[in-house]
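Heavy-atom basis, side chains included; hydrogens, waters and symmetry copies ignored.
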Amino acid sequence: QVQLVESGGGVVQAGATLRLSCTASDSTFNPESMGWFRQVPGKEREFVASIKDSNGFTSYLDSVEGRFTMSRDNVKKTTFLQMSSLQPEDTAVYYCAQGGPYIYSHSTTGNSNWGEGSQVTVSS
């Protein structure tokens, strides 16, 4: 089973930029879609962004639209989440996952091969 490993998180001030990476352990990994999600302690995990491999179509949570950009490098089997103009409310553990059948509805259900997560902390 493929493993996904996130990296690039950290502690930044409001307004800063971070880029998260999610790399697959299997060089043959070729999912139809990938997603980024985030979770704050005590709250449910929420969808952040998705990308469809066939056409590069991306979709975003309303609150990050225009600030976050998701992309993929299929050669390196890596998915990225470029996060700009970060705000304290973006503080969370960010996870990547292989997209399931409901990801285009921004659902957290049905996704697979979840990574361990990467902490992003934004101070005011």
Side-chain angles (χ1 to χ4, degrees):
Q1 186 173 357
V2 66
Q3 290 185 322
L4 299 177
V5 179
E6 301 96 339
S7 62
V11 180
V12 296
Q13 290 189 329
T17 296
L18 278 177
R19 188 176 78 159
L20 301 180
S21 300
C22 169
T23 302
S25 61
D26 184 348
S27 62
T28 66
F29 183 60
N30 190 28
E32 178 179 319
S33 65
M34 290 288 295
W36 282 98
F37 306 82
R38 67 187 182 186
Q39 188 168 21
V40 176
K43 294 188 177 181
E44 292 188 355
R45 189 170 298 184
E46 68 174 351
F47 167 91
V48 175
S50 65
I51 189 166
K52 189 173 184 179
D53 187 69
S54 62
N55 57 12
F57 176 80
T58 53
S59 184
Y60 300 93
L61 177 70
D62 285 348
S63 63
V64 308
E65 181 86 49
R67 300 188 297 121
F68 290 13
T69 302
M70 185 173 182
S71 61
R72 283 199 68 190
D73 182 333
N74 286 334
V75 173
K76 295 181 179 179
K77 301 300 179 183
T78 300
T79 300
F80 302 99
L81 185 67
Q82 180 84 7
M83 305 183 294
S84 302
S85 301
L86 282 162
Q87 300 301 315
E89 52 266 34
D90 295 317
T91 294
V93 178
Y94 284 72
Y95 301 87
C96 65
Q98 179 177 353
Y102 313 114
I103 194 169
Y104 303 120
S105 300
H106 294 188
S107 175
T108 59
T109 302
N111 305 300
S112 59
N113 295 320
W114 291 88
E116 293 293 318
S118 182
Q119 176 71 47
V120 172
T121 303
V122 185
S123 61
S124 58

Participant: Examine distances only and state if a side-chain atom of Glu6 and a backbone atom of Gly117 form a donor-acceptor pair shorter than 3.5 Å.
Facilitator: yes
Participant: Test Tyr60 against Thr69 for side chain to side chain contact (heavy atoms under 4.5 Å, CB included), laying out the working first.
Facilitator: CA-CA 8 Å; Tyr60 300 93; Thr69 302; 3.9 Å; yes
Participant: Would you call Thr28 and Lys77 a side-chain contact if the rule is heavy atoms closer than 4.5 Å?
Facilitator: no
Participant: Counting neighbours of CD on Gln3 that are heavy atoms of other residues, nucleotides or ligands and sit closer than 6.0 Å, is the number greater than 12?
Facilitator: no
Participant: Can you confirm whether more than 12 heavy atoms, excluding those of Glu116, are under 6.0 Å from its CD atom?
Facilitator: no
Participant: Check whether any side-chain N or O of Thr58 sits under 3.5 Å from a backbone N or O of Met70 as a donor-acceptor pair, and report yes or no.
Facilitator: no
Participant: Any side-chain to backbone donor/acceptor pair from Ser107 onto Thr109? Under 3.5 Å, distance only.
Facilitator: yes
Participant: For the atom pair CD (Gln39) and CD (Glu44), what is the distance rounded to the nearest 0.5 Å?
Facilitator: 8.5 Å
Participant: Please say yes or no: joined through hydrophobic side-chain contacts below 4.5 Å, possibly via intermediate residues, are Tyr95 and Tyr104 part of one cluster?
Facilitator: yes
Participant: For His106 versus Leu61, what's the shortest heavy-atom pair and its separation?
Facilitator: CE1-N, 4.4 Å
Participant: Yes or no on side chain to side chain contact (heavy atoms under 4.5 Å, CB included) for Gln82 and Thr17, after CA distance, side-chain angles and deciding distance?
Facilitator: CA-CA 7 Å; Gln82 180 84 7; Thr17 296; 3.3 Å; yes
Participant: Kindly assign one of parallel, tilted or perpendicular to the pair Phe37 and Trp114, based on the angle between their ring planes and the thresholds 30° and 60°.
Facilitator: tilted
Participant: Quick check: is Ile51 connected to Leu18 through a chain of hydrophobic side chains (ILVMFWY, heavy atoms under 4.5 Å apart)?
Facilitator: yes
Participant: Can you confirm if the aromatic rings of Phe68 and Trp36 lie within a centre distance of less than 6.0 Å?
Facilitator: no
Participant: In terms of hydrophobic clusters joined by side-chain contacts under 4.5 Å, are Leu86 and Val48 together?
Facilitator: yes
Participant: Knowing that exactly one of Asn30, Asp53, Thr79 qualifies, which makes a side-chain hydrogen bond (donor to acceptor under 3.5 Å, both in side chains) with Asn74?
Facilitator: Asp53
Participant: Which atom names give the shortest non-hydrogen contact between Pro88 and Ser124, and what distance separates them?
Facilitator: CG-CB, 3.8 Å
Participant: Test Val120 against Arg38 for side chain to side chain contact (heavy atoms under 4.5 Å, CB included), laying out the working first.
Facilitator: CA-CA 9 Å; Val120 172; Arg38 67 187 182 186; over 6 Å; no
Participant: Give, for atom OG of Ser59 and atom CD of Glu65, the distance between the pair rounded to the nearest 0.5 Å.
Facilitator: 7.5 Å
Participant: Are Ser33 and Ser50 packed together at the side-chain level, in the sense that at least one heavy-atom pair is separated by less than 4.5 angstrom?
Facilitator: no
Participant: Looking only at non-hydrogen atoms, find the nearest pair between Asp90 and Tyr94 and report the distance.
Facilitator: O-OH, 2.6 Å
Participant: Side chains of Ser63 and Glu46: does their closest heavy-atom pair fall under 4.5 Å?
Facilitator: no
Participant: Answer whether the closest heavy-atom distance between the side chains of Leu4 and Met34 falls below 4.5 Å.
Facilitator: yes
Participant: Where do Thr78 and Thr23 land on the side chain to side chain donor-acceptor pair (under 3.5 Å) test, with the steps shown first?
Facilitator: CA-CA 4 Å; Thr78 300; Thr23 302; 3.1 Å; yes
Participant: Please report the closest heavy-atom contact between Gly8 and Leu20, naming both atoms and the distance.
Facilitator: C-CD2, 3.6 Å
